[in-house]
Colleague: 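Structure in structure tokens, see below.
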Amino acid sequence: MTEIYFSKDHEWIKVDGDEGTVGITTHAQEQLGDVVFVELPEVDAEFAKGDEVAVVESVKAASEIYAPVSGTIIAVNEVLGEEPGKVNASPEDDGWFFKIKINDKGDLSDLMGEDAYKDLTSD
Amino acid sequence: MTMNRQGRPTGVPEAATGGDTAAGPATFTGHKALERDEGLIFEIGSPAVTGVDLEDPGDFETALGGFERTEPMGLTGLSEPHVVRHYTRLSQKNYGIDTGLFPLGSCTMKHNPRLNEKIARLPGFADIHPMQPERTVQGALEVIDTLADWLCKLTNMAAIAMSPKAGAHGELCGMMAIRAALEHRGEQRRTVLVPESAHGTNPATAVFCGFQVKTLASTEDGRVDVAALKAQLGPDVAAIMLTNPNTCGLFEKDIQEIAAAVHEAGGYFYCDGANFNALIGKVRPGDLGIDAMHFNLHKTCSTPHGGGGPGSGPTVLSEALAPFAPVPWVEKAVGGGLRLKATVRDGNTAFGRMTAFHGQMGMFTRALAYLMSHGRDGLRLVAEDAVLNANYVAAGLDKAMTRTYKARPMHEVLFDDRFLKGTGVDTLGFAKALIDEGFHPMTMYFPLVASGAMLIEPTETESRRSLDEFVFAMTKLAEAAKAGETERFDQAPRFAPLKRLDETAAARKPVLRYEPPAPYAQAAE
Amino acid sequence: MRYLPHTQEDRREMLAALGVDHVDALFEDVPANALNADIDLPDHQSEMQVERAMARLAAKNVDAGSVPFFCGAGAYRHHVPATVDYVIQRGEFLTAYTPYQPEISQGTLQYLFEFQTQVATLLGTEVANASMWDGSTATAEAVLMARRITRRKKAVMAGGLHGHYADVVGTVTRFTDDAVTYLEPEPADPDAETQAIIDQIDDETSCVVVQSPNMFGHLLDLKRIAEAAHAKKALLIAVVTEVVSLGAITPPGDQGADIVVAEGQSLGNGLNFGGPYLGLFGTRQKYVRQMPGRVAGEARDADGRRGFVLTLSTREQHIRREKATSNICTNSGLCALAFTTHLSLLGEVGLRKLAMLNHRKAVELRDLLAGVPGVEVLNETFFNEFTLRLRRDAAYIVEALVERDVLGGVPVSRLLTKRDDVDELLLVAVTETVTRDDMETLARELREALA
């Protein structure tokens, strides 16, 4: 059973067992505008919660993607290399960035649920 | 009488009057009269052509050790007539100060006097080598020394580093001097305070020097919040970086209090000199308490922007920072004349060397000619007219547009996009429509503190007539936006050599060099 | 004042329109104790007066064209066709801003795109940027870029790297945690230099920075160094201070260099006492998003017509602020225009001829000087510059040559200012502007000065 969490940095993580899939939110891609490049981490790289994992560049800005949890990268969405526009077209599905093996699910406790995130971005 | 019926018609045929000039058939060639569609040199040139006559090197025994370049390179050449044509045609697709008013805030696009160009090209300046013996370049050293003296006197500062290649390099120079001075004091201070309205180079430079940046809050009237600043000062604060007038075009009126507080806390005050045009000859930053400031000679001292450089960023330093200035510098030689101090040995405290040679000599000669032409009296008028012109434009536009801050602007004035609210027109569309009206756009979306910012700096070299014309164009555009004439903005620019370009596609699949068409593609045509 | 359009009447009327009676009212936010200070500088001067004063200063210098001239060491005197100066003085180029508004900047953007293509072709790299400040600052930027790519801290400076370039790298990394190693110069032994570089490469190494032709004029086997670097996943940064050499020598990119930087002054740009010059910067396509500086890229407009824009600008400081790839804003636009105009005139045929002409003259001078007593030529390989070991202090001899109206070269002691063991070394450069007469004069005067 998958659960979805959101960070205040406008990332989402879908958790299935001890694996998490991470991307940026619809709200984030709207703010960024047209995404032109995504720099992805290497598989097997380890990150602590809050580390810079990836970079997303739009015509307007370059932004860092932070690890929402500590863990090891187990897959990256190679398609984004050729088609960064997928982040705009399908941010919370086809436009995922990477999958991470979660060290400690306790890291999820300070993330938000969908409703709390909606409240955050509705102002 | 004899009737001569062979003259040419001189009237305008009826079919040529009225009508929409943009309508009608496109030209066969793609050219539009004086505006030519010009191919790349790789398309119009040939590897077999050269536009230079050179002596034949002949056969001889080389000493290249087997590293001879034997493969064809793929460079094309053009004959001299076609080189002249190619670049003349390209130039006609550019807007420059020579074309018209350039209201780019924080960029100081003023007239570039041709006298400066003439002087920089004197063989005694243009054709001397940086490593010639010092006694063969005394005139060049005197130029550097004299310009240094002018810049120090205009700022009331103790010393100057002349070698920085551009404004950002000057910032680096100032911040490295600060870091070196702290090290010399045996202190580990790491925090640099930068206002959110600062130019992006400020935080970039601070981080480059190993500092951490903390953002300074602004007050509602667009200036540094002095109380908040004082609360942030402490034993870890290395420096504050301020632009004055700030990037909203306002003078930081509490600047002396800010400087005193920073010094009290043991930090240094870096002033970004990008906006010195508002002060030159009128206010000396040294009297305001700063420790370092870079000049942008390509802004304040009229050396040409050249489509993005070369710039030049001499950096003045206070007594406290002077011992840490980078090499080289010019000093009086024992026994008369000038010499170049170019080595960091002998236990001196210079923080290092910023560039291979002595800085932008070609910009020094131009800047000195500019300063001498104006003199003390003329430079004061520069600042006064620059500020007068910005205020005149501000007053002219207040009816049609929304100014971000009420306070009196200095040499530039900040508007935001509130007047466009609900019109369906944004700052970008507004700026692009200004292109159609014959002007370069103003600075847009900077500073970040204003929504849809439009920062306007007319400079002192604009006449009242050209300011009036600019205000007229801006006012009419604002009225058009409010009247719902969105087509004027959505498709703008309509009359420029090209329409709006797809920068997204260009950034997603960057094509950064010409690739010849593949042979099969040619065959298929 | 001739550059200020307002009359006193204009000023009065404009102030009145603003509702103030004196211009100082516009400076009301400036502290009173800092306004209108008396500055000890002369008043304005006419165009004629300024021209006269500046011409007097210019006349105090010995310009290179007036004497037999052999200085190089990173700045070279080449003949620049008159067309080049005409082009860069066109007001639409000279007085344009950075091309952020592509619709009215296609002139600048197209020549930058052409420039990038020419530079990449010359350096043998896949891509090149739109220029940097000069060769030395480009070298420092390359070291920082290698650090970003490899995430390693150790940078190795070859012993034959221009002394001032090494100093600039040292200065830029002074307050970072990069570990820079400087190898000993080998003025007479390029093989020893190459071996020392290779010996330094280990698993911690981010990059090796190697100049060829090196500071002493020797050509190095970059391929061998590249292979050694790549075996340890380090990068080779190749430095070229005389870009005309690439008309005769296999480019560093073709020899495996990952980043190639060069001083581009030699094409289109005068000596100008050291600046403004032109940094060239090329690298592999896969590193393009780590490349510093501006780049122009191809784009289409709303009607589908080809045009050019500045692209990849999200890496720049005005957007990334403290996360920028470097703090550089300007490139060297007008110097790049001079470069590309000169190279368009030369074309491949002309560049090769120019390069071989330089080399032939250098060979000729080598043969002449090798016969001068007290002179030892240290080079077996060179392009248009080589090193002499003199019987006496080189700086002293250069001064003696000035007495004889010859600018005879650059003493190595001016480039390696911290060393005491290079005093007898003299760098001598020859370009197409040097005549047979000049060379014979140098040989004769050098013989007498050394006697």
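Labels below follow one simple rule: chain letters A, B, ... track the order of the sequence lines, proteins then strands, and each chain is numbered from 1.
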Colleague: With a 4.5 Å cut-off on heavy-atom pairs, point out which of B/E38, B/H440, B/M363, B/M176 contacts chain C the most.
Modeller: B/M176

Colleague: Given B/E68 and C/H359, is the side-chain hydrogen bond (donor to acceptor under 3.5 Å, both in side chains) satisfied, shown in steps?
Modeller: CA-CA 11 Å; B/E68 285 83 354; C/H359 186 49; over 6 Å; no

Colleague: Using 4.0 Å as the upper bound for N to carboxylate O, is an ion pair formed by B/D385 and C/R11?
Modeller: yes

Colleague: Can a donor-acceptor pair be found between the side chains of B/N94 and C/T108 at a distance below 3.5 Å?
Modeller: yes

Colleague: Given C/Q101 and B/K432, is the side-chain hydrogen bond (donor to acceptor under 3.5 Å, both in side chains) satisfied, shown in steps?
Modeller: CA-CA 9 Å; C/Q101 302 298 325; B/K432 296 292 185 190; 2.8 Å; yes

Colleague: Is any NZ, NE, NH1 or NH2 atom of the basic residue among B/E142 and C/R56 found under 4.0 Å from an Asp or Glu carboxylate oxygen of the other?
Modeller: no

Colleague: One thing to verify: whether B/R408 and C/D29 come together as a salt bridge, which I'm taking to mean a side-chain N less than 4.0 angstrom from a carboxylate O.
Modeller: no

Colleague: Which atoms of C/R90 are under 4.5 Å from chain B, going by heavy atoms: the side chain, the backbone, both sets, or neither?
Modeller: side chain

Colleague: What class does the angle between the rings of C/Y3 and B/H374 fall in, given that below 30° is parallel, 30 to 60° is tilted and above 60° is perpendicular?
Modeller: tilted

Colleague: Below 4.5 Å from any heavy atom of chain C, which atoms of B/T76 appear? Answer side chain, backbone, both or neither.
Modeller: backbone

Colleague: For C/T250 and B/F67, indicate whether the former's side chain and the latter's backbone hold a donor-acceptor pair under 3.5 Å.
Modeller: yes

Colleague: Is it true that C/D85 and B/R121 have a side-chain N and a carboxylate O under 4.0 angstrom from each other?
Modeller: yes

Colleague: Is it the backbone or the side chain of C/Q49 that comes under 4.5 Å from a heavy atom of chain B, or both, or neither?
Modeller: neither

Colleague: If I measure from the heavy atoms of chain C, does B/V283 come under 4.5 Å with its side chain, its backbone, both, or neither?
Modeller: both

Colleague: Check the orientation of B/F357 and C/H164. Use parallel for under 30°, tilted for 30 to 60°, and perpendicular for over 60°.
Modeller: perpendicular

Colleague: I'd like to know if the side chain of C/T83 reaches the main chain of B/E80, judged simply by a donor and an acceptor atom lying under 3.5 Å from each other, with no hydrogens or angles considered.
Modeller: no

Colleague: What option among C/L15, C/D10, C/N33 has the most heavy-atom pairs under 4.5 Å with chain B?
Modeller: C/N33

Colleague: Is the B/H169 ring parallel, tilted or perpendicular to the C/W133 ring (thresholds 30°, 60°)?
Modeller: tilted

Colleague: Side chain, backbone, both or neither: which part of C/A59 has an atom under 4.5 Å from a heavy atom of chain B?
Modeller: neither

Colleague: Taking NZ, NE, NH1 and NH2 as the nitrogens, is one of them in C/K353 or B/D56 under 4.0 Å from a carboxylate oxygen of the other?
Modeller: no

Colleague: Quick check: does any side chain N or O of C/N272 sit under 3.5 Å from a backbone N or O of B/D127, one acting as donor and the other as acceptor?
Modeller: no

Colleague: Could you tell me whether the side chains of C/D134 and B/T355 share a donor-acceptor contact shorter than 3.5 Å?
Modeller: yes

Colleague: Under a 4.0 Å threshold between the charged nitrogen and the carboxylate oxygen, would C/E399 count as salt-bridged to B/R135?
Modeller: yes

Colleague: Would you mind checking which part of B/R380 comes under 4.5 Å of any heavy atom in chain C, side chain (CB onward), backbone (N, CA, C, O), both or neither?
Modeller: side chain

Colleague: Considering only heavy atoms, which portion of C/L337 lies under 4.5 Å from any heavy atom of chain B: side chain, backbone, both, or neither?
Modeller: side chain

Colleague: Looking at B/P326, B/G74, B/G58, which has the largest count of heavy-atom pairs under 4.5 Å with chain C?
Modeller: B/G74

Colleague: Among C/V398, C/D303, C/N379, C/V363, single out the residue with the greatest number of heavy-atom pairs under 4.5 Å to chain B.
Modeller: C/D303

Colleague: Could you tell me whether B/R464 and C/E13 make a salt bridge, using a distance below 4.0 angstrom between a side-chain N and a carboxylate O?
Modeller: yes

Colleague: May I ask you to say whether B/D502 pairs ionically with C/R300, meaning some side-chain N is under 4.0 Å from a carboxylate O?
Modeller: no

Colleague: Looking at C/E380, C/E432, C/Q118, which makes the most heavy-atom pairs under 4.5 Å with chain B?
Modeller: C/Q118

Colleague: Need one label for B/H111: side chain, backbone, both or neither, based on atoms under 4.5 Å from any heavy atom in chain C.
Modeller: side chain

Colleague: Is it true that the side chains of C/Y86 and B/T88 contain a donor and an acceptor less than 3.5 Å apart?
Modeller: yes

Colleague: Select one option (side chain, backbone, both, neither) describing which atoms of B/L78 are under 4.5 Å from chain C's heavy atoms.
Modeller: both

Colleague: Return yes if a side-chain donor-acceptor contact under 3.5 Å exists between C/E114 and B/H86, otherwise no.
Modeller: yes

Colleague: Could you look at B/A505 and say if it's the side chain, the backbone, both or neither that has a heavy atom under 4.5 Å from chain C?
Modeller: neither

Colleague: If I measure from the heavy atoms of chain B, does C/V23 come under 4.5 Å with its side chain, its backbone, both, or neither?
Modeller: side chain

